[in-house]
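Structure first, then comments.
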Amino acid sequence: MAHFEIKDLSFSYALGSGKKALDHINLEIEQGEYITVCGKSGSGKTTLLKHLKSVLTPHGVTEGKIYFEGKLLKDITLRDQSAKIGYVMQNPDNQIVTDKVWHELAFGLESLGMDQKTIRLRVAEMASYFGIQGWFHKNVSELSGGQKQLLNLASIMAMQPTVLILDEPTSQLDPIAATDFLNTVRKINLELGTTIIITEHRLEDIFHASDRVVVMEKGRIICDDNPHAVGEYLKETKNEMFAAMPSPVQIYYGVENNLKCPLTVREGRNWLSEVFSGNNPVHTAIDEKEQRGENIGVPAISIKKVWFRYEKTGQDILKGVDFYVSRGEFFAIVGGNGTGKSTTLKAICNICKPYRGQILIDGKRVEKYKSFELFKGNLAMLPQDPQSIFVKQTVGEDLAEMMDKDCADKETKIAEIAKICDIEELLESHPYDLSGGEQQRAALAKVLLTEPKILLLDEPTKGLDNFFKLKLAEVLKTLKSKGVTILMVSHDVEFCAKYVDKVGMFFDGGLITVNTPNKFFSRNSFYTTAANRMSRHLFENAINNEDVIKLCQMNL
Amino acid sequence: MQVKNKDNFSSYNPILNFFFFVCAIGLGMFFMHPAFLVCSFVLSLLYYVTIEGLKGFKFFVLMVPLILLLALINPLFNTAGTHILFIYFGRAYTLEGLLYGVAIAFMFVSILNWFASYNAVMTSDKFIYIFGKFLPSISLVLTMILRLVPNFQRKASQIGTARMCIGKAGENTEKKEKIENGMTVLSGLATWALEGGIITADSMRSRGYGSGKRTNFAIYRFDSRDLVLLIVMIGLVAGICVCGFMGGAAVIYTPVLEITFNIYTIIGSVMYFCLLAIPSVINIMEEIIWRILRSRI
Amino acid sequence: MSNESLKKDNKSLCISLVVILILIPAAFAIGNYLGDRKMYITSVVIMFLSMVPFFANFESRKPQARELVIIAIMCALTVASRAALVWLPNFKPMGAIVMMTGMAFGPQAGFLTGSLGMLISNMIFGQGPWTPWQMFAYGLIGFGASFLYKVKILDEKKPLKCAVVGFVTMVAFVGIILDTCSVFTMAAYITKETIWTIYLFGLPVNITQGICVALTMFFLVKPIMEKLMRIKIKYGVLEI
């Protein structure tokens, strides 16, 4: 008996255009399987997952049947569904109900009406299994994003579900927390035999672990097979989703060979060695993008030995940060959480005021600018959470808010920016009804209406899937071509490797090294791209998938 | 250096903590008899000092002007009394009036002291534990609010920062702009909060909220030592009430000072002292035990 | 309305009747017997009793997750609203948010938001003898706002009128209740003189608060009501 059986499921939203969000879905999931569902934004992944639990099923017209453990899902009581089907959502914060960690762990069990003794035991068990003892008594607001999502997982596991559904659980986490989280999910699958159904943007961590990968497109399942077969299928059909595959898979299909497709970096490394069958390749380095002349004129941003702390007796957050960003450059700062990256951006905006050192914008000290001079046509920052920037009922109104009332070419300016950011069709929508990538671009449009010469971005790729990242990269390229200087803080190594001019590593309140992405990532051995990690034993400076493929082709 | 002592009375079941404060504050507002006032004042201060250390003394120092003010102002409003101290604008300032003022001032400061200790001891989760039993939905709402408040505060400052960085706000703007800007931030915060709430509601239902009978889990236990102390406290409160009812705490300040002093006054005030001393004694005893234990090592 | 919910309504109605007809008069009688020094305790008891029907009704109805979430959010907004106005110290828009909740979601939501909001606010900033009074006063303005909305005295299309109503409410109602608390706790004798003195001393504070609420109402009543209406549709909640 299958654990879940979906038969000919179709669905269209009540308030939609009548287009089918799900189109004749057939899927069987066995007990204990690890299933990855992938597809572009809007392909119907989330809609499909939400159908697997009655309380979450959206309003609309549903056809077809869903069976859970042999019974029709809608005939199973709410109580049984709550306990047996666990569902972890995207946003770590909003899923939490109560203010204490221990209470959150118990919330589901309370809802099921369990007695004090049982709850005590279950909560203790969960806290121990997930390593929560250390923060068991804490307030939820003191936790990091990764801890919050782990807490969500633990409080669902406390109800002892037989299946765990996760809808992009790591999209709001930094890479290290994301990997930790996904490893825990893997552990649950292996140790407890819980069925896992997961959607993710970052396939690197889960693709190889999946028993089956289900690829969705426009509400249909276009492929449902083991990871190897899925990679092959996507390549053969030249599907867009191929670009979301882990680096080893993409590189494999870019190089002619008859070997087995690698899924992880380790396999990729061995595969690459085998491709060259022990011989050292002749060409080991690719040509770098030629360096533009250094130091033309005054740098756009120049930070000189800046020290900062929030409180007089507190710890220093910035400890002598010192770097500059030339005009028209796309500069990225990478580094772990809490090292002071975002604080640096705030210092540049004169929100955090350093107690020592200087920040110069276009050669003038930042505190000498009047607020309207600094943020009109000069400097602007896109906040980490694009939602922070929306205050109106439609995107259009939000954009209009940026214009002076007596501005003559208001309409044309908005239209122009909307075109650059590719949000022309979204102007009438409510900002919160947009998808993550659309929100990001709408927010960027609002920021761009200040016509900045210097644009600061705080983790702009967070929560975006590959296609939206690509679109964002396009927008940023357009801006760069217009001479805008861009300073970005990011965790996204792959994105930085591909698009930026210079990368700096932030650690312990200071910028440790600055270099071109090519030199920067090829010199790191941990903090670098998957492509680089799998090829570094053969090639000197290949950091993107394309680099590795190109070098392979040159050598073979 | 501020020394924060550990409060051992807090480790008793919250029901006892709450019961104690309700009694201390309720009875404290009731008794105007000097003997009772002194008990309440001294012990409320002592307890606050055992919890907060030096900070407790500072709190008291801040209270002194308030005591003086309340004591001195009250006679202005009541001219009744036989001993006239002086006459101003044709009105009498009487000794009885002043004494009554002093009594009111001490009562008021004791109440503030008890509230100060209450705020240190009765953390929000204890309060919710007590009311969770008979007001389950309300107490759930309370925990939800307590989770949301820090979230909203953080978000409000994020929105403020975000707007500042697109030239929409700032410290150096005019008052009118500041208000309009603050309002926009508040409005943006409201949207963000309400939209996020939909997910919270889904998460609650997904975890079985509303699927049937709900229970209330608490990490607090009710041990035998809690039971013993509770019985003692109830006994003392009952005794004090009886003594009060028999007129042991009767006092009249104006127009003629009349302070009752009989057997009920003695029994009542001793019991009152014992009741109010419970938390301080627990704290001091525990301190002594630890000193002894440590000295044996 | 189904039979079951009728039954629940009857139960909470019974509780309300018991409280209003028996317990509150009883508290008055006892207070009278004890004399005027016990006014504080008596009035606090009466206030708690008058809140009982609201809480009892809410509990007996087994509210849905969405209703809990909305009330929690509105309360938290009330408490956190000051953080949104960091550049304006001492600007307290709390009353306005409570009133808007009453307008959008009905009397019960208004009452709960006002009273629980104040309870939490005091949990964070410190409880005192004023807590029950604040709970009572803000609960009632949330409650009252929903009725003023139904008879169109409060109307989001007329922000100026809302601002005036907000100002009057804060000065003439909330201010008076809170000053009465000071009278009962600090004054030795409850005479005309003490009452007038304390009310007069409280007036500047009350007027400032009234202005804050009026300004908030003026600027926000329209956008916030629009947002709340959108949420009502999105959550499928009409009235709490």
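Order of the sequence lines sets the chain letters (A, B, ...), proteins ahead of strands, with each chain counted from 1.
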Largest heavy-atom contact set with chain B, pairs under 4.5 Å, which of [options]:
options: A:L78, A:I119, A:L112; result: A:I119
options: A:V97, A:V391, A:T450; result: A:V97
options: A:L56, A:N378, A:I85, A:N139; result: A:L56
options: A:H430, A:Q384, A:R120, A:Q393; result: A:R120
options: A:L379, A:I351, A:V140; result: A:I351
options: A:N91, A:T77, A:I96, A:L449; result: A:I96

Report summary line: From the list B:A190, B:S203, B:S206, B:G188, the residue making the most non-hydrogen contacts under 4.5 Å with chain A is B:S206

Query - Partner chain A: residue of B:I159, B:V149, B:D202, B:I166 with the largest heavy-atom pair count (under 4.5 Å) - result: B:I166

Could you check whether [X] pairs with [Y] (Lys NZ or Arg NE/NH1/NH2 to Asp/Glu carboxylate O, under 4.0 Å)?
X: B:R207; Y: A:E104; answer: yes
X: A:D385; Y: B:K155; answer: yes
X: B:R163; Y: A:E401; answer: yes

Query raised in the report: Roughly how far, to the nearest 0.5 Å, is the CG atom of A:L456 from the CG atom of A:L382?
Result: 9.5 Å

Report task. Report the distance from atom CG of A:D99 to atom CG of B:N151, rounding to the nearest 0.5 Å. Result ->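 Spacing of CG (A:D99) from CG (B:N151) equals 11.5 Å.
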
Query raised in the report: Among B:Y12, B:Y118, B:W114, whose ring pair (Phe, Tyr, Trp, His ring centres under 6.0 Å) with B:F20 holds?
Result: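 Per the ring pair (Phe, Tyr, Trp, His ring centres under 6.0 Å) rule, the option paired with B:F20 is B:W114, out of B:Y12, B:Y118, B:W114.
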
Report task. Check the side chains of B:Y220 and B:D125 for a donor-acceptor pair under 3.5 angstrom, ignoring hydrogens and angles. Result -> yes

Taking side chain as everything from C-beta outward and backbone as N, CA, C, O, which of these in [X] sits under 4.5 Å from a heavy atom of chain B? Side chain, backbone, both or neither.
X: A:M381; answer: both
X: A:L109; answer: backbone
X: A:D458; answer: neither
X: A:L345; answer: neither

Heavy-atom contact with chain A under 4.5 Å, split by part of [X]:
X: B:A218; answer: both
X: B:I145; answer: neither
X: B:S187; answer: side chain

Query raised in the report: Checking salt bridge (Lys or Arg N to Asp or Glu O under 4.0 Å) for the pair A:K376/A:E451: CA distance, chi angles, key distance, verdict?
Result: CA-CA 7 Å; A:K376 280 262 155 63; A:E451 300 175 346; over 6 Å; no

Report task. Just say parallel, tilted or perpendicular for the rings of A:F107 and B:Y209, cut-offs at 30° and 60°. Result -> parallel

Requested in this report: Taking the six-membered ring for Trp and the single ring otherwise, decide whether the centroids of B:F134 and B:F131 are under 6.0 Å apart.
Outcome: yes

